[in-house]
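Each remark here refers to the structure printed beneath this line.
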Protein chains: 2
Amino acid sequence: MSTMRMTIQRRKILATVQGLPGHVSAETIYHRLKPEMPELSPSTVYRNLKALADMGRVSVTDMGQGWVFEAVGGTPHHHLVCLGCGEVEDLSDSAVRPFFDQLERRGFHVATNHLCIYGYCSSCQEKAGAQEAAR
Amino acid sequence: MSTMRMTIQRRKILATVQGLPGHVSAETIYHRLKPEMPELSPSTVYRNLKALADMGRVSVTDMGQGWVFEAVGGTPHHHLVCLGCGEVEDLSDSAVRPFFDQLERRGFHVATNHLCIYGYCSSCQEKAGAQEAAR
DNA sequence: GTTCTAATTGAAAAAATTCGCAATAGCGAA
DNA sequence: TTCGCTATTGCGAATTTTTTCAATTAGAAC
């Protein structure tokens, strides 16, 4: 069976994700660690973020501008991303819980602790409506 | 006001997405169109898929192996992706509807017509349980 | 502590994706 | 139809991400 080794690089990368609040990109992590680990290569960062995600230690999300990572263990939270203006609204876990609970009852254990739903916020819907009317 | 032009390339790319069942990658589209449009450049494919997604004509999903696109208009459907074995279960739209409706009531118009929830299927949960016990 | 082995690393090359810009071509207005 | 404006294209270059591979090293076994 394959054992997952906890190397210095991997530990540091995980610590960095955990140490920063909110979402971090692979690039951010690379640049933060490079000074203290000059040997560190980008591929190691990418590989480890993926490995840590598979491991379930960090969560991955695409927020429209590339991947962002986040430590698992914090309060689960979710986002409504507006495709019109890019605005990101928070969505509380309690709003999502009933839906997830239903999946659990069905036998599927949800690991996602950061859901992103894409759509249009109310002001962008109004704008769209105004455009329709103006034609 | 900016008008979205329906160019030959854009029309062909959309037609290709619509013509193929299930999910297609940017690369697949490029390779299918290249023979009949030798001028076509990869960047055009990428740009158009993004534009068509913004337009709401195609939906984008990350299924763990990069982006995949799909024509909008078919039955909305969703997936439960197992992080253990990679298995993908279907999730009917009716299972998701109540959750989405709640967001609509809140004023957010959901555009996602293909949700992916990550977690562990029942058999992978059992396996994990067995491993715990074996330690 | 020493040995063994497979997981992991760094560096470079490859592949995927995006960007910058001059040339082209939709589409609305005349 | 023709004209004019500007969104879009194709190309090459830049950027980002993945792969390859020989060298290294964590962690288990002794």
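Naming: A, B, ... by sequence-line order, numbering from 1 per chain. Bear in mind the structure is a predicted one, so any value in this text is a computation, not a measurement.
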Looking across every strand, which nucleic acid part, if any, lies under 4.0 Å from B:Thr7 by heavy atom: base, sugar-phosphate, or nothing? sugar-phosphate

Kindly say whether, by distance alone, the side chain of [X] makes a donor-acceptor pair under 3.5 Å with the base of [N]?
X       : N      : result
B:Arg5  : C:dG28 : no
B:Arg10 : D:dT8  : no
A:Arg47 : C:dG10 : yes

Quick one: [X] [atom1] to [N] [atom2], roughly how many Å, whole number?
X       : N      : atom1 : atom2 : result
B:His31 : C:dA15 : NE2   : C1'   : 11 Å
A:Asn48 : D:dT19 : CG    : C1'   : 15 Å
A:Tyr46 : D:dT16 : OH    : P     : 7 Å
B:Ile29 : C:dA16 : CD1   : P     : 15 Å
B:Phe69 : C:dA16 : CZ    : P     : 14 Å

Assuming nearest nucleotide by heavy-atom distance, tell me which of A:Ser41 and B:Arg11 is located more 5' along DNA chain C. A:Ser41

Closer than 4.0 Å, any side-chain N/O of A:Lys50 to the OP1 or OP2 of D:dT17? no

side-chain contact (heavy atoms from CB on, under 4.5 Å) against A:Arg32, all qualifying residues, sequence neighbours excluded: A:Thr16, A:Leu20, A:Thr28

What nucleotide among D:dG10, D:dA26, C:dG10 has an atom nearest to a side-chain atom of A:Ile8? D:dA26

Solution key, residues 95-103 of chain B side-chain donor-acceptor pairs under 3.5 Å, sequence neighbours excluded:
from, atom 1, to, atom 2, distance (Å)
B:Arg97, NH1, B:Asp93, OD1, 3.4
B:Arg97, NH1, B:Asp93, OD2, 2.7
B:Gln102, NE2, A:Ala95, O, 3.4

Geometric class of the B:Tyr120/A:His109 ring pair [parallel <30°, tilted 30-60°, perpendicular >60°]: parallel

Considering the terminal five base pairs at each end of the helix from C:dG1-D:dC30 to C:dA30-D:dT1, what angle separates the two local helix axes, rounded to 10°? 50°

